[in-house]
Amino acid sequence: QRRFNPLEADAKWQKLWDEKQSFRASDSSDKPRSYVLEMFPYPSGRIHIGHVRNYTMGDVLARFRRMTGHEVLHPMGWDAFGMPAENAAMEKKVHPGDWTRSNIANMKAQLKRLGFALDWSRELATCEPDYYGHEQALFLDLYEAGLVYRKESAVNWDPVDMTVLANEQVIDGKGWRSGAPVEKRKLSQWFLKITQFADDLLAGLDSLDQWPDKVKLMQANWIGKSVGLQFRFALDQTVGDIDSLEVFSTRPDTIFGASFAAIAADHPIALALAEGDANLAAFAEECRRSGTAAAEIETQEKKGYDTGLSVIHPFTQAKLPLFVANFVLMEYGTGAVMAVPAHDQRDLDFARKYMLPVPRVVAAAGDEAKPIHDEAYAGPGKLVNSDFLDGMDVEAAKAAVIARAEAEGWGQGTTIWRLRDWGVSRQRYWGTPIPFIHCADCGVVPVPRDQLPVVLPQDVSFEIPGNPLDRHTEWHTVDCPTCGKTARRETDTLDTFVDSSWYFIRFASQPQDKPFDKAEAERWLPVGQYIGGVEHAILHLLYARFWTRALQYAGKIDVAEPFAGLFTQGMVTHETYRAEDGRWLAPSEVEKRGDAYIETATNAAIQLGRVEKMSKSKKNVVDPDDIIDQYGADAVRWFMLSDSPPERDLPWTASGIEGSWRFVNRLWRLFGEAGDTGTGSEGADSQDRALDRKLHQTVDGVAKDIESLSFNKAVAKIYELTNAVEKAAPSASRAAAIRALALLVAPMTPHLAEEAWAEMGEESLIADAPWPDVDPKLLVEDEVTIAVQVMGKLRDTITVAKGTDKTTLEALALAAPNVARTLNGAAPKKVIVVPDRLVNLVV
Ligand code: ANZ
Ligand code: ZN
């Protein structure tokens, strides 16, 4: 039996595609353009199976688009700056650049083995000066456009190692190396004005109709637009010269339900009071120590400190106590709230603890008299116990309170945003140097453009903690570009999210002397289909959307949204295995015997754990290289597309990949029969109408499935067609179907398809072949099966040509064997015929 030999075929075609530069995108083509992009990888060392799934999906689409006449841009590069390279430098004493570049070389070789249709001529790595130098130029552009500024901001400071830590280096509030409790320190840092685009970034989501709703929702929540009332409470006594408290509320309608007010520990009133109150100072200190992440705030126990002061309710003139509370954030709104326990859960938890009143002011019909227990009511309803608001619904009451506040001058309708400006300073070596110089006389001076790129120094040491750039006197000592005096180069580098905020533009246009050519980039952008992990649903995508808008604002490119279509794929999962003593075991160390799982080395029974995302810590990984060695690229690619919908998790199983490998060979055997058009009685040119129809329906269906990224559905259709072809007797139709099958699988199993194509005598590459045509006439079924009923009961069916007339149908129905038996010679009283559907006989 014929067996496909992937070891030979894969290398052969990969080499040929390379030589012919088959997948090089032409900038001057007048074909319709199609930009297909997968999120570029971080060069951690090896490709993992998640990459394989991600890039296989993109590859199928890219290859399909080429076959359907598009000029396709499908590039690849490396998100090459970041912490792991510095960690490697510290642990293994290898230079971050050497570590990164050797990882890139390894991973590139791995990607090549998968036969991806990539335009390698556009490959880029963000850690090379010919990328990050252009990034520096763009940073200066944004600076000139007024979108870059400096401000004091807190960093994590390790007091033992005397260094700033990245968030991921802080573990349980302690430095990852020193174990010392991390302190917050204020440093002057660089910021990008993303908040200037908050409204645009939110509104822009509406135009992204090819993005998953859940990603758009996550972005919207992150941007966090809140509309409400900002207003002043009068204080019953002044604190220094402060005589009122400004609060922000999204629920001004509930103002008659306010039973206390609360401020953050860092609120100016709290700070002033703490000066004369050691207990308050201690409480504030405690608040600062506990986390300030939103999730922590929600869950941590509510704690407060009664200031003894009161605020005056603007309508009732009642005195409400003022607390300092740990659930109020200084960074949000005004750092102060009116607390409405009946309708806000945090306020309710707090009120129960400090025994404050909980008056209800909103009620669903019938609930007016029901007291609130431990759950705040946030639902709709009518206002109660609320003076002039009584009987209004929530929205009307909000508007009424805002109107009164504005008319009386104590408050104003406002919108606030959760989104903060983007702090891009990192006190690290392995990143893009921020192109500025600090001069004692001239202040902060941009590096003149003719001095770009500011290149990272090569000779750095990681023996001592901290930023090697700070210690590199020779590197950071420069002449001030303005006055010429000795000055200091900025030693902060850019957040790596900046690097990934514009790489898709550089792929589209890669001149030497500037970041990109405007017209050239605009011809490719926006990316038609972007594919990647949902873990990037918020930050990366938001930053890239912002950066693109910022460049548009600076006049550099006329594109607002960088990614027209977005797809987030599921993870690849695997069973986990655990030995008696708790060790995790790799799949290769385990055997299945009968129903039991055994550790091969010890023969001991082991526990089968949950199916989980492949991860090194649980050892439930399969290495792409190993499985390619075993099955070849095509079986691996095919498996990545089969079984699970692409947005869902895909469980990797031995039987699954075996099944794919068997299917590759089934196809291979079938391709060997392509020349067999049938002989003898069938006739060499015989047509098989049913098979023709099946083929054309499949070609049409698979095209639609690939376009909608429903790869598993496309795969299922190809299986069905393969079954039908295998069963069919030799005929011209069957030979044509086999040839078309090679084209259908060309995007998915390209090596197999090329091999078959060559064997069928084709001289050009199947990668360049057009997608098979569909004959619309063959898409419609021309036969229908009609139900024949006697007295409404199904007795038989008849298969007829579509559109058969009533008289013929009636005659055929009466002649149907089961009908004839039921009627037993009796003539029907009435015959109801619905053409193409049914015949009902009334007796
Ligand atoms: C009264 C009220 C009644 C509120 C009610 C909510 C429900 P979003 O929607 O997330 O923007 N708030 C305002 N500033 C705060 C701060 N610095 N720290 C903690 N909480 C703060 O949340 C806005 C609501 O969160 C505001 O509306 C305020 O409580 C609270 F039934 O005012 B609300
Ligand atoms: Zn100067």
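All heavy atoms count here, side chains included; hydrogens, waters and symmetry mates do not. Every number for a ligand or one of its atoms is a count from 1 in the order of the listing.
At under 3.5 Å, a nitrogen or oxygen of Arg418, whether backbone or side chain, sits near a nitrogen or oxygen of ligand 1. On a distance-only criterion, Tyr332 and ligand 1 share at least one N/O pair closer than 3.5 Å. In terms of polar-atom proximity, defined here as any N/O pair under 3.5 Å, Thr250 does make such a contact with ligand 1.
Using modelled atom types, no side-chain atom of Glu183 and backbone atom of Pro159 make a donor-acceptor pair closer than 3.5 Å. Between the side chain of Trp211 and the backbone N or O of Phe563 there is at least one donor-acceptor pair closer than 3.5 Å. A donor-acceptor pair under 3.5 Å is formed between the side chain of Arg545 and the backbone N or O of Leu201. Without hydrogens or angle criteria, Glu561 side chain to Leu208 main chain gives no donor-acceptor distance under 3.5 Å. No donor-acceptor distance shorter than 3.5 angstrom exists from the side chain of Arg428 to the backbone of Ser425, with no hydrogens or angles considered. Counting only distance, with no hydrogens or angles, the side chain of Tyr143 and the backbone of Pro446 share no donor-acceptor pair below 3.5 Å. Of the possible polar contacts, one joining the Thr307 side chain to the Leu322 backbone as a donor-acceptor pair under 3.5 Å is found.
Side-chain rings of Trp190 and Phe436 approach one another, their centers coming within less than 6.0 Å.
Nearest to atom 19 (C) of ligand 1 among the protein's heavy atoms is Phe327 O, 3.4 Å. Of the protein's non-hydrogen atoms, His343 O, 2.8 Å is the one closest to atom 31 (F) of ligand 1. In terms of protein heavy-atom proximity, atom 18 (N) of ligand 1 is nearest to Leu329 N, 2.9 Å. In this structure, atom 28 (C) of ligand 1 lies nearest to the protein heavy atom Phe248 O, 3.7 Å. Among protein heavy atoms, the minimum distance from atom 6 (C) of ligand 1 is reached at Asp344 OD2, 3.3 Å.
Taking 4.0 Å as the cut-off, Met330 does not count as a neighbour of ligand 1 on heavy-atom distance. Within the 4.0 Å heavy-atom cutoff, Arg346 counts among the residues contacting ligand 1. A heavy-atom separation below 4.0 Å is found between Ser249 and ligand 1.
Within ligand 1, counting atoms from 1 as listed, the ones closer than 4.0 Å to a heavy atom of Val328 are 16 (C), 17 (N), 18 (N), 19 (C). Close contacts of ligand 1 with Gly335, meaning ligand atoms under 4.0 Å from a residue heavy atom, involve 17 (N). Near Val340, with a cut-off below 4.0 Å to any heavy atom, the atoms of ligand 1 are 1 (C), 3 (C).
Enclosure of atom CH2 in Trp410 by more than 12 non-hydrogen atoms of other residues, nucleotides or ligands within 6.0 angstrom is indicated. At most 12 heavy atoms of other shown residues, nucleotides or ligands fall within 6.0 angstrom of atom CD in Gln412.
Residue contacts with ligand 1 for Ser226 involve side-chain atoms from C-beta outward but no N, CA, C or O (heavy atoms, distance under 4.0 Å). If you look at Glu331 next to ligand 1, there are no close heavy atoms at all, none under 4.0 Å. Contact annotation: for Val337 versus ligand 1, heavy atoms closer than 4.0 Å belong to the side chain alone. The proximity of Met338 to ligand 1, defined as any non-hydrogen pair under 4.0 Å, involves the side chain as well as the backbone. Here Thr254 has side-chain heavy atoms under 4.0 Å from ligand 1, and that is the only part of it that gets that close.
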Chi angles and distances behind the salt bridge (charged side-chain N to carboxylate O under 4.0 Å, His left out) call for Arg232, Asp243: CA-CA 10 Å; Arg232 277 181 310 284; Asp243 62 358; over 6 Å; no
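If you check the side chains of Asn156 and Lys184, you find a donor sitting under 3.5 Å from an acceptor.
Remark: at the Zn ion (ligand 2), atom SG from Cys483 and atom SG from Cys480 enclose 110°, rounded to the nearest 10 degrees.
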